[in-house]
Amino acid sequence: MTPTPSNNALLNELSRRRLLKAVGFGAVGVAGASALSACSGGNGDSDGVTRFAGVFDFDLDSQTRNVHVEDGALLMNSVYRDLFLCSGAFYNWGAHEWDYLLLEGHEWDGDDLIVSLRSGLKWSDGTELNADDMVRSYAMRVLEAPSWGTGFPQVQDLEKLDDLSVRLGFEDPFPNIELSILKHRIVSKTTYADFGEQALELVNGGVRQGDDDHLEWNAEFIEFNPDEIVCSGPYKFDRAQMTDARITLVRNEDGYRGTEVNFDEVVVHKGDNRQSALLVQQGEVDYSTLAPSAADQQAFQGVDGFRWIEHPGYDGCGLMFNYAAKPELKDVRVRKALAYVLDGDQIGQVARGEAYGRVTHYAGLADIQAEEVFSAEELEDFETFDQDIDKATELLEEAGWTKEDGKWYLPDGDEASFEVIGVSGWGDFELTATQVEEAWNSFGIKTEARNVPEDNPWGIWAAGDFEVAVRHWGNPELPDYWGAFQMNFLAENAGTEDSPGQSFDLKVESPSQGEVDLEELVDTARRAESEEDQKEAVRVMAIVFNELLPRIPIWTYKYLAPAIEGVRVQAFDDDHPAAQNDIYEDNPIILALIQGDLTSNEG
């Protein structure tokens with residue numbers, strides 16, 4: 001991707017040097033791959049067993065087998081979870097329709113959602129998968145769901161209708177409220193017997209997250225760690241083939257499509273971002289969703305059968321402001337000036353190599369969605385923020401800033417300064433923070449980048465313990481457009497004493513739209529009965545975002561997943577119904593494997 005031309009040679013030279021530094025380890029990456037091969041294990045190609053190989057940084061000892069908690073459970077934060085614990089369905093983001101997996105279908109009966117299972121499903125322990133599993137799984141999720149969520153928190157009551165159907169009662173449901181419910185992973189009633197029965201009774205009795213009865217239930221539940229994971233998908237865990245180096249999932253003939261998948265086993269090697277890249281270079285992995293560095297991206301080109309599989313991104317990386325900590329940021333001219341100083345292409349390339357996309361429309365939505373909401377002619381009216389140092393200078397001078405001896409000063413005479421926080425261990429965030437630091441310093445604004453611990457950046461953001469934070473914009477989890485603006489405007493913006501977050505006033509004055517209440521618009525975009533009203537609210541928010549730039553989008557995630565064809569996998573087909581979905585929500589390669597569309601090159 002060609003960087004946007006800049007009219008500031010010094011900024012370009014700083015970015016160029018950092019880019020060269022970031023990609024300068026390619027030779028080391030290739031050399032290091034041989035060191036890993038000794039512990040990576042062979043392919044087993046000669047034993048007649050067909051295998052698909054992936055990689056994820058699991059930990060057999062510390063991670064629980066309580067898969068209903070998902071976060072912290074074995075492989076549940078990986079794309080491989082669908083192989084052993086299937087979703088009920090996945091939503092096709094491109095066609096805006098449902099494709100069912102464990103579920104047979106769903107329908108609305110007034111305010112009641114009726115969800116039906118496929119018949120003939122079984123768990124890996126041989127027991128039937130039926131409505132008892134479903135209603136109890138739903139009850140546990142309702143009990144755990146925070147009030148600010150969408151879907152399960154709005155469920156009023158639950159009822160098993162027959163062996164394959166469950167009714168979920170809502171009060172005042174809105175379009176697509178069922179998304180999280182249909183996607184939910186049902187867990188075994190045998191494993192969660194007491195917890196599921198208790199949860200169903202509590203939920204139908206009106207108990208919700210944070211109530212005393214929930215806290216009592218949860219105190220025991222979070223300590224629950226069963227001995228094994230009972231599986232519904234085409235694969236199950238084989239204890240004899242679980243080591244610190246790899247987990248082997250074997251065919252689960254009783255599971256969904258267990259007799260129809262084309263691979264006998266799925267091997268998941270243990271590896272972090274760096275180790276996963278070495279495994280790809282060694283040909284030990286067929287497909288990886290872990291993030292390779294720019295250097296590793298270059299090294300992949302020499303691997304036989306290598307190709308990139310590109311997945312779209314619905315969010316990106318940018319800057320979130322704390323308006324209470326830095327009141328000067330309340331002036332829109334200042335925010336826009338800070339944006340014009342930055343070269344998003346350079347920053348994205350340094351942070352992500354080729355695995356980034358430039359921001360074109362600055363609508364608060366990923367460009368792929370903005371182009372669905374607006375016509376090409378309408379988007380031409382949106383202000384773009386490609387690097388323009390002269391424009392940045394003009395805006396700051398209009399805002400009353402002055403520059404002396406290469407330093408910018410605020411209207412009150414104080415020297416302008418910002419601290420920009422990244423997140424330790426999040427390489428793309430760290431590199432984005434340092435690039436912003438270099439750019440603003442070179443422009444004359446004193447800037448210091450530091451990284452906060454990766455264990456809880458969300459708490460730091462919510463508490464408003466920052467001046468400027470490298471933070472996401474857009475939303476990869478919700479296919480509905482309003483999700484992006486919930487992220488942009490409402491996340492980390494509670495405005496309470498304990499959680500002030502951005503301290504961004506949601507009642508704004510728009511040059512073209514007049515007085516706007518952004519919180520009301522998010523709610524309208526989410527709840528309006530007509531698609532026309534929903535989309536109109538989204539359009540207004542996108543226009544306001546572009547006019548006021550409450551946070552700065554710098555680059556968009558473009559997910560380049562390394563893959564190898566012709567070793568264990570014959571070929572990867574790009575044309576899958578989930579090809580436009582987020583890579584970590586509904587992975588098209590894993591879904592293709594489940595649906596029998598991924599063919600083995602062995603045997």
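In this chain, numbering begins with 1 at the start of the sequence shown.
Relative orientation of the Y323 and F504 rings is tilted, given thresholds of 30° and 60° on the angle between their planes. Using bins of under 30°, 30° to 60° and over 60° for the plane-to-plane angle, the ring pair F52/F263 lands in the perpendicular bin. Using a 30° and 60° split on the angle between ring planes, F545 and F489 fall in the tilted class, from 30° to 60°. Aromatic ring pairs are classed by plane angle as parallel below 30°, tilted from 30° to 60° and perpendicular above 60°; the pair F300 and F306 is tilted. A perpendicular orientation is assigned to the rings of Y584 and Y559, their planes being inclined by more than 60° (bins at 30° and 60°).
Exactly one residue among Y314, W555, F429 makes a ring pair (Phe, Tyr, Trp, His ring centres under 6.0 Å) with H472. That residue is F429.
Side-chain contact, D71 with N77: a donor N or O sits under 3.5 Å from an acceptor N or O. Side-chain atoms of D345 and Y356 form a donor-acceptor pair, as typed in the model, at a separation below 3.5 Å. Under 3.5 Å, the side chains of E371 and H361 contain a donor-acceptor pair of N or O atoms.
Judged as a salt bridge (Lys or Arg N to Asp or Glu O under 4.0 Å), the pairs with a partner in residues 374-384 (not counting sequence neighbours) are, in order, K336-E383, E378-R539.
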For a quick test of your reading: what N or O donor-acceptor pairs under 3.5 Å do the side chains of residues 458-465 make, sequence neighbours left out?
none

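Side-chain atoms of E354 never come within 3.5 Å of backbone atoms of Q297 as a donor-acceptor pair (strictly under, hydrogens ignored). No side-chain donor-acceptor contact under 3.5 Å links R352 to the backbone of D428.
The side-chain heavy atoms of L342 and F385, taken from C-beta on, include no pair separated by under 4.5 Å.
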Next on the checklist: Is there a ring-ring contact (aromatic ring centres under 6.0 Å, His included) between F237 and F84? Walk through the geometry before answering.
Outcome noted: CA-CA 8 Å; F237 291 86; F84 59 88; 4.8 Å; yes
Checklist entry - Given the rule in the side chain to side chain donor-acceptor pair (under 3.5 Å) test, do Y481 and N475 qualify, once you have shown the distances and angles that lead to the verdict? => result CA-CA 8 Å; Y481 304 123; N475 195 314; over 6 Å; no
